[in-house]
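Let me begin by presenting the structure, written as structure tokens, before commenting on it.
Worth saying up front: this structure is predicted, and the values here are computed from it rather than measured. Whatever order the structure lists them in is the order used to number ligands and atoms, beginning at 1.
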Amino acid sequence: MNFVVFAGGVGGAKLSHGMARSVGAGLLTVIVNTADDLEMHGLHISPDLDTVMYTLAGIANPETGWGIAGDTFGNFEMLQKLGMQPWFRLGDRDLAVHMTRTQLIKEGRTLSEAVALLSQRLGIESRILPMTNDRVRTIVDTDEGLFSFQEYFVKARWQPTVRSLIYEGAEEAEPLPQAVRAVETASTIIIAPSNLYLSIDPILSMNDVKDALLNASAPIIAVTPIIGGEAVKGPAAKLMRELGEEPSAAAVAEHYADFINGFVLDERDAHLKAEIEDMGVGVLVTDTLMKDEDDRARLACEVVNFADQLRPEKLGGCRLDQSALNAGADDSKLPSDVQNP
Ligand code: FO1
């Protein structure tokens with residue numbers, strides 16, 4: 001059995017963490033959006049990859065969802081003092097990850113090789129794959145002009161009204177071959193409750209990915225990032241409105257309807273079940289909010305069991321590994337080489 005999760009930032013990372021605990025970390029492959037990546041201070045920064053990596057390593061900052069728990073921002077304060085007007089907050093420990101990744105790439109490794117090495121050094125058993133080793137960048141076309149993704153998201157606090165999204169480089173990019181292979185051989189494929197336009201569509205927009213999903217033998221399940229017409233986190237609902245969609249879980253299901261077999265709908269939206277079933281998509285109604293680590297594992301387990309119902313022969317569902325519960329994000333979880341001296 002092997003499980004594949006398509007993920008962006010925080011929602012994808014949380015569900016991946018739940019999957020690692022409920023099906024076993026070694027059986028999990030997470031394919032991660034890299035269209036949010038940026039170059040800053042000469043460093044290659046991969047926010048979504050790092051959010052997944054830190055979450056699976058148990059060192060993610062629980063308040064922000066991104067960055068490292070307990071990190072300090074001495075470099076940021078110094079940049080301010082030096083009049084650099086920094087707007088993207090890189091924690092001091094986080095910075096070490098960007099420095100390592102950038103050095104590995106400069107030495108000739110690919111992004112995926114750098115991620116594999118970083119994951120190994122952070123003690124992560126699951127396989128984290130960037131969607132591609134090529135350069136793909138989300139450009140946000142707004143009423144205030146074109147923005148690079150992080151300028152829109154962080155600097156402009158996602159306030160400009162979006163007219164369209166451009167996944168620059170996606171057409172020429174080669175999806176990571178291991179990611180395509182993982183989709184082809186998966187026993188279950190999950191589209192995480194990540195932003196459909198900013199996190200999942202960049203992955204789907206590359207050649208071969210959609211075909212691999214359409215030809216996959218595994219059930220494909222999407223988990224809603226929208227509850228009661230609002231995004232669980234971030235600008236998904238606002239973007240849906242601005243791009244002419246009704247911000248609802250049903251519209252998300254419709255967005256994915258040509259390749260998913262099942263949709264996980266939040267219990268607060270149970271009234272949308274029939275509408276989604278009419279799209280030819282199976283529906284699981286449950287509590288999709290992941291407020292704590294047990295919620296993540298519970299939701300992951302329910303998704304896996306739902307997928308099992310959608311295939312002709314059962315694979316035995318998930319086992320919730322109680323011993324893996326409560327792996328909190330505190331300093332003691334850091335491998336010794338990244339702990340404070
Ligand atoms: N998000 C913010 O809102 N403000 C920041 O200063 C910020 C810094 C940052 C640094 C490293 C990193 O990996 C993520 C960071 N994020 C920050 C989050 C990031 O912009 C978004 O969460 C994702 O790109 C959207 O999925």
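Under a cutoff of 6.0 Å and an axis angle of 45°, R137 and Y167 do not form a cation-pi pair.
E77 has no carboxylate O lying under 4.0 Å from a charged side-chain N of K81, or vice versa, which leaves the two without a salt bridge.
Here atom 8 (C) of ligand 1 lies nearest to R89 when heavy atoms of R89, M40, K155 are compared. Compare G234, S199, P47 by their heavy atoms: the one nearest to atom 13 (O) of ligand 1 is in P47. Residue F153 holds the heavy atom nearest to atom 21 (C) of ligand 1 of all those in F153, F73, Y152.
Within ligand 1, the atoms closer than 4.0 Å to a non-hydrogen atom of D48 are 23 (C), 24 (O), 25 (C), 26 (O), numbered from 1 in the order shown. Near Q150, meaning under 4.0 Å from any of its heavy atoms, are these atoms of ligand 1: 19 (C), 20 (O), 24 (O). Every atom of ligand 1 with a heavy atom of D36 under 4.0 Å away is listed here by number and element: 23 (C), 24 (O), 25 (C), 26 (O). Against a heavy-atom cut-off of under 4.0 Å, F149 is close to the following atoms of ligand 1: 24 (O). Proximity to D94 (heavy-atom distance under 4.0 Å) selects the following atoms of ligand 1: 10 (C), 11 (C).
Looking at atom 9 (C) of ligand 1, its nearest protein heavy atom turns out to be F88 CZ, 3.3 Å. Looking from atom 3 (O) of ligand 1 to the surrounding protein, the closest heavy atom is V154 CG2, 3.8 Å.
Remark: the backbone N or O of T34 is not paired with any side-chain donor or acceptor of D48 at under 3.5 angstrom. Between the side chain of D94 and the backbone N or O of G67, no donor-acceptor pair lies under 3.5 Å. For the pair T132 (side chain) and D134 (backbone), a donor-acceptor distance under 3.5 Å is present. Panel note: side chain R109, backbone A114; no donor-acceptor pair is recorded below 3.5 Å.
In W66, the part holding a heavy atom less than 4.0 Å from any atom of ligand 1 is the side chain. With a heavy-atom cut-off of 4.0 Å, L90 touches ligand 1 through its side chain alone.
Taking 4.0 Å as the cut-off, T51 does not count as a neighbour of ligand 1 on heavy-atom distance.
Side-chain contact between R101 and L111 is present, with heavy atoms from C-beta onward closer than 4.5 Å.
Nearest heavy-atom pair, M240 versus S248, reported as atom, atom and distance to 0.1 Å: CE-O, 3.9 Å.
The side-chain contact (heavy atoms from CB on, under 4.5 Å) with V183 is formed by just one residue from the set I31, T29, V209; it is I31.
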